[in-house]
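Note that the numbering runs from 1 along the sequence shown for the chain.
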Amino acid sequence: MISKYAIAIHGGAGVINKQTDPERIKAYKIGLSGALQRGIDVLKSGGSAIDATIQAVKSMEDNPLFNAGLGAVYNSDGEHELDASVMDGKNLKSGAVTGVRTTKNPILLAKAVMDKSEHILLSGPGADKFAKLNGLEQVKNNYYDTEYRYKAWIKAMNEDKVLLDHTSDSNISLGTVGAVALDIHNNLAASTSTGGMTNKKFMRIGDTPIIGAGTYANNSSCAVSCTGKGELFITNCVAFDIHAKMTYLGLSLEEASLYTLKDLSQDAGGFIAIDGTGTIVMPFNSLGMFRGKADSSGLFDVAIWD
Ligand code: ASP
């Protein structure tokens with residue numbers, strides 16, 4: 001009998017107005033379904049959880065609707081700085097990058113850091129240099145440009161605000177992306193990628209590239225990928241906190257997630273998590289969270305609101 005496999009993805013949490021143009025909602029659902037399919041295909045063919053999460057995240061990085069890779073938000077200089085991280089629950093190896101400016105797919109760079117460097121977190125020009133040395137595709141910084149994010153940046157600048165992508169207006173404008181998976185070899189993994197906050201200054205770094213805050217995976221407990229107000233997720237060590245509650249208190253994934261979410265202030269965001277039995281949770285305390293889940297039983301579902 002083939003062991004169970006399962007995957008969950010998110011495309012950001014925040015203020016998602018139910019009055020949003022149905023065509024745009026449809027496009028997000030298509031984007032989520034495509035990413036979910038990429039991930040489940042890897043798992044179905046016996047691939048690893050880490051590869052499944054990376055393929056799902058890469059698919060959303062290449063989709064301009066999401067705030068990761070192409071479509072990333074603008075910083076205060078009208079440019080893009082991207083963050084990403086991966087963690088393999090099998091051996092607790094991880095890789096992360098922050099302030100990436102020219103590497104097309106930051107999630108592939110995070111994986112390269114994990115596999116090919118002696119470090120965990122590389123930043124700025126050093127991260128892009130490492131990408132070049134490892135043959136990862138390079139682009140000009142304006143490759144990530146989209147009109148939608150540009151307008152959100154102009155608005156944020158005019159109001160002199162530094163905004164999380166999901167608070168930049170009352171409409172959809174979010175899209176940090178992430179994935180967690182369980183493969184047939186009983187391994188867990190997590191990946192997360194983002195453009196961060198609209199109009200961010202001083203090379204601000206959120207939770208996404210911080211192992212234990214935005215991303216964590218450990219075969220002994222769970223794999224987690226977060227989205228929301230990065231500063232809160234760093235302060236609360238959210239991803240590691242769920243693992244810790246399961247490990248030290250013996251809580252189930254559902255219980256641990258519930259308690260961790262309760263500790264976060266309203267509208268902080270949400271996360272996706274999976275345990276070794278393939279149980280998936282996707283809680284959030286914002287208006288909505290783009291998300292999806294699929295598994296070996298045939299489950300395949302994407303959702304935005306409750
Ligand atoms: N957590 C990300 C950050 O703070 C943003 C997001 O998830 O929307 O950079």
Side-chain angles (χ1 to χ4, degrees), residues 11-15 61 64-85 96-107 109-110 113 120-131 138-178 192-215 226-239 264-265 267-269 286:
V15 178
E61 283 183 342
L65 289 174
F66 298 100
N67 173 22
L70 174 63
V73 297
Y74 290 74
N75 66 12
S76 61
D77 298 324
E79 294 178 340
H80 310 275
E81 292 157 2
L82 294 86
D83 304 333
S85 66
V97 288
T98 180
V100 168
R101 295 172 55 88
T102 61
T103 302
K104 185 176 176 221
N105 288 107
I107 199 65
L109 178 50
V113 172
I120 288 179
L121 177 57
L122 299 185
S123 69
D128 285 317
K129 187 173 176 185
F130 185 76
Q138 297 296 295
V139 291
K140 290 209 162 59
N141 194 254
N142 65 9
Y143 158 80
Y144 310 110
D145 284 0
T146 51
E147 202 189 328
Y148 190 75
R149 302 287 183 209
Y150 182 75
K151 283 185 181 156
W153 172 55
I154 295 294
K155 188 166 181 279
M157 250 199 338
N158 289 340
E159 292 169 7
D160 195 24
K161 285 182 180 160
V162 179
L163 296 170
L164 276 159
D165 52 332
H166 49 62
T167 53
S168 54
D169 65 32
S170 59
N171 224 310
I172 287 183
S173 125
L174 72 165
T176 287
V177 306
T192 316
S193 180
T194 190
M197 294 170 74
T198 300
N199 206 29
K200 63 185 178 181
K201 295 175 182 151
F202 314 121
M203 293 206 69
R204 174 263 184 193
I205 299 168
D207 60 314
T208 300
I210 309 297
I211 297 299
T215 303
C226 302
T227 174
K229 295 173 182 162
E231 283 71 8
L232 291 174
F233 284 79
I234 292 173
T235 304
N236 289 279
C237 303
V238 169
L264 291 173
S265 55
D267 290 328
S286 46

### Query
Judged by modelled atom types alone, do T215 and S85 share a side-chain donor-acceptor pair under 3.5 Å?
yes
To the nearest 0.5 angstrom, please state how far the [atom1] atom of [X] sits from the [atom2] atom of [Y].
X	Y	atom1	atom2	answer
D77	K200	CG	NZ	11.0 Å
L122	L109	CG	CG	7.0 Å
L65	L70	CG	CG	9.5 Å
M197	N75	CE	CG	12.0 Å
I234	D207	CD1	CG	6.0 Å
I210	T192	CD1	OG1	11.5 Å

Could you report the tightest heavy-atom contact between [X] and [Y], atom names first, then the distance?
X	Y	result
A213	C226	O-SG, 3.4 Å
D128	V100	OD1-CG1, 3.2 Å
P209	G206	CD-O, 3.4 Å
G99	E81	CA-CB, 4.0 Å
A68	V177	CB-CG2, 3.8 Å
G195	V73	O-CG2, 3.4 Å

### Message
Pair D145, Y150 - check side chain to side chain contact (heavy atoms under 4.5 Å, CB included), show working.
### Response
CA-CA 7 Å; D145 284 0; Y150 182 75; over 6 Å; no
N/O donor-acceptor pair under 3.5 Å between [X] side chain and [Y] backbone:
X	Y	result
R101	L82	no
N236	V238	no
K104	E61	no
N67	G196	yes
N199	W153	no

### Message
Over 60° means perpendicular and under 30° means parallel, so tell me whether Y144 and H80 are parallel, tilted or perpendicular.
### Response
perpendicular
#### Entry: Working for side chain to side chain contact (heavy atoms under 4.5 Å, CB included), residues F233 and T208
CA-CA 9 Å; F233 284 79; T208 300; over 6 Å; no
### Message
Just to verify, what does K140 make a salt bridge (charged side-chain N to carboxylate O under 4.0 Å, His left out) with, not counting sequence neighbours?
### Response
none
### Query
Looking at side-chain heavy atoms only, is the closest gap between I154 and Y74 below 4.5 Å?
no
### Message
So I120 and V113, do their side chains get closer than 4.5 Å, heavy atoms only?
### Response
no
